[in-house]
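Right, one structure below, let's go through it.
Whatever order the structure lists ligands and atoms in, that order sets their numbers, starting from 1.
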Amino acid sequence: MRKDILRERFNGNFCFNSSTAYGSLFHELIQSCLIQNNFTSQFMESEILKVVKRSIERLYSADLNENDVIGGLMDAIPTIRAWADKFIGEVPKPIEEHLSTSKTKLSISICNVLNVEEHICSIKYGLKGKIDASVEAKVSQNGILKRTIMPLELKTSRNVSPSHYAQTIFYCLLMSDNYDIDVESGLLYYLKIQNEETGKMLNVPVVPHELRSLIIQRNQLAWHALDDQRSILPPMIKNEFQCKNCSFNASCFLYHKAIENGTNETSGVVEIFDNKVAHLKDHHLDFFRNWDELITLEDEDMYRFQPEIWNMLASNCDDDQCLNNMCLDPETIETIPNGEGYRQFRCKFIRKAGKPNFVLDTQFCIGDHVIVSSELDHRTVASGFVEDIASNFVCLTLDRIPHGGSKRNFDMDIESCHSFLCASEKTAYSNLRSDIIDTFYRIDKDELTSSMKLIRQNLVSLLVDKETAKLRRLIVDFDPPCFNQSNDTMPNIVDTKSLNDDQIKAIKLALDAQDYAILLGMPGTGKSTTIVQIIKALVSNGKSVLLAAYTHSAVDNILLKLLNEEIDMLRLGSKSKVRPEIVPYLLNINQYDNVDMFRTFIESKQVIATTCLGITHYIFSKRRFDYCIIDEATQVTLPICVGPLRFADRFLLVGDDFQLPPLVRNHEAIEKGMGKSLFTTLTGKHPRAVTRLRYQYRMHEDIMNLSNCLIYDYKMLCGLPTGPDSFLKIPGWNNNFLSQFHKENDNRCEEECWLQTVLDPWKPVVMVDTDNLEAKESRGLNQNSVEASLIEQCVKAMLIGGIPQTDIGIITPFRHQIKLLSQKFKDLTKIEISTVDRFQGREKKVIVVSLVKANVDYRVGDILKDYRRLNVAITRAQSKLIIFGSRSTVSASEIMRNIIEHIQNAHSMCKLKDKNTPSWHIVPSKVAKT
Ligand SMILES: Nc1ncnc2c1ncn2[C@@H]1O[C@H](COP(=O)(O)OP(=O)(O)OP(=O)(O)O)[C@@H](O)[C@H]1O
């Protein structure tokens, strides 16, 4: 039971070993034979080759060779065939029973396969599980023949275990709930226990007294999982053999020592315990207790809405968390082959009944994780994330094609004949299609992601693993970092002519670091440029580099620059999250015929890039790196940062304390220090490890000084010349340029057109104040339609004036405003519209900022008080920054007041008159797609 609780909190040791790798391959093989109902040697041989080819990464991780594995699987063919000959078909054959009380022999045959890997969450029993195969079986006893559904559980262990019986009984409950029918027993098949030539097949009945004791255990487990019982784990099992081989032993022992005040004596397994945690001193245990508490606080916030998914009818949930009455359009289902061998499905859902503009009005946004369930019986059918959202549909990328679940067949009879329509992939598409059309779905936001488990696992690895001893000394004990004596020579490959002195100093420090270095740079000072030069130098010295950042966009930002330098690299991640230019560098597992080829490929890559949470990839069980570089390191909490650092000997953290902080939702966790990044901590502890970049090359001086006056106290210097070239040039700009947008005989705007002020090429910073207009935000949603229309006019005018779409970025802190703006510019897809967070590390010639907040109570919200987020927003523009907002409302934020004062002093405030409503300009609905 303790292991089950630990499994909910930690990833465990995620490396594949040979028995888990073999186990998963056997499962895939038998499941595919069951689905195809083909157990011929020829079919199995060809399936083995396919299964092994799909699993090259797992074999690499488990140190297995495909020929040995193929041999091992082929050796099992006679056993599987004998099992199938006996138990698959229409004629029941005698089977051994667990806890049999009957004198008469039971016979069983599997006559139909309903599903494989069926994922069932039962609200009724508070259980969830993935059933290896859901089957229909013919059962004969005492001369009575019945057809009944049951779970089939496949096992590759060499011993029968009581936990397998328990699992099978629970699966019977899950199936009962899912199919709304009593399931009296399940099947357990041990491939490797040779009591016959077939392996061992058992029938496991749901016996009332066993079920009672299992439900009691389930309730105890649920008690331990409660928030306020978190520190009380179920007792340790103290079994030498099991503890040694348990993949959760490190977290178990660490918990015992740090949280339960345990010792090697009380652990009951002295030697194994000491081997893992004897080295931990009091301050290590304090470190773990502190971070465990912070993560728990944050965890509670993330799980806040989870119960609603299961407890509330979709019609009672508000649109914020749940979309109900959704229909899947079967014509839109598209398979997305993923580079890593998994498949995903793109599906479009339309709401059958509801408000016409409902989807845009909801809290659902692109990138949100979602769970799709059938509306009728609340059965989970798929999970994934939002890919696109418009007024009348939502497009999801899902792990499987949703369907309404198994449907009863015409000959179904509760007593004697359980007969269902298959929902598995062998089902003819036409069946599935009608099933899809007939089903209504609910889509819930899934706040629960597995990242918390990984974060906790990072902490355990940091404190326990042998490989992280050095990292532990540096970031837990705060040992001072060491540097080689600098010999002042720079590798030839570094393009010193294009760099300034600060940047050259930063490169030297990074190359001299024996432990770590820190690169602190204000916006546009060339942090990513410097990172690229450091990577070039390291690669030319034969070193390997793991490049990571919190967001995919930050990772790809550096990779795009590396591409220009023709540096070879490997990008890990899913195709849907990666920039198109980087897609060719994604790992494509289909290219490798064998493990050696794959190993050679992986080991040949000197630069591997991923996000900080992407480190669960198989390759990290084998690969280590000379350096790890983390960009935007001020954006990640310590336990997330530790993830990639675990795999390298030295590291470089790059960032700026005054740009985005780590994303932490829980206020108490922030107060207790979770929002302080490792970057900030180490910068304070060991200033010797820090180099600073001061010259920025992105922004016109006026834009830079806005940030200087707010944050940097004029320490940021301009590396760019400030001649006429530094201003925005609108190619079509002339005295008559704006007249094309005004209606004939309508001079209400012409006499003093606001676009004249805003687009004036000699004004690099302008704020458009909407206070005189009816431009209020929508109630309850951070959305402002008048502001969006003004932005549409302004941006389209620039496009007509000849500014390319790719030069324009629109930033707003609110995701609902992004949805609205994306609608306005839906034909102009090269204009980037994004949150501040996604724009960090990026730049555009023109940046338009939509502040959205406009209300009579002057409520400005937290985001517009966040000086770091605002700093990022105003430092993305090279030549022109246009800010739209309600001066009276946003002035409630002190930092916004300062921005406004600075702009006012520069005479760059454009206060709209009430006649400047958006309709005074003729804006073509379509603009040439430059
Ligand atoms: N030494 C230099 N001389 C001239 N231009 C430079 C120099 N270093 C960087 N740049 C230019 O400055 C701009 C900003 O550089 P870069 O994107 O590397 O900055 P950054 O510090 O990573 O930005 P951010 O703070 O947004 O993350 C780029 O256009 C880059 O080409």
- Message: In terms of relative ring orientation, are Tyr712 and Phe658 parallel, tilted or perpendicular, with 30° and 60° separating the classes?
- Response: perpendicular
- Item | Proximal protein residues to ligand 1, non-hydrogen atoms under 4.0 angstrom | Ser498, Leu499, Asn500, Gln503, Met522, Pro523, Gly524, Thr525, Gly526, Lys527, Ser528, Thr529, Lys561, Gln659, Tyr697, Arg698, Gly841, Glu843, Arg876
- Item | Contacts of Lys685 that satisfy salt bridge (Lys or Arg N to Asp or Glu O under 4.0 Å) - sequence neighbours left out | none
- Task: Please assess Phe651 against Tyr516 for the test ring-ring contact (aromatic ring centres under 6.0 Å, His included), listing each intermediate value before the final yes or no.
- Result: CA-CA 5 Å; Phe651 63 87; Tyr516 64 84; 4.9 Å; yes
- Message: To check you understand the geometry: which heavy-atom pair defines the closest contact between Ile810 and Phe839, and what is its length?
- Response: O-CE1, 3.8 Å
- Query: When you measure from the centre of the six-membered ring of Phe625, is the NZ or CZ of Arg623 under 6.0 Å away and within 45° of the axis?
  - Reply: yes
- Item | The single option from Arg571, Arg842, Arg838 passing salt bridge (Lys or Arg N to Asp or Glu O under 4.0 Å) against Asp556 | Arg571
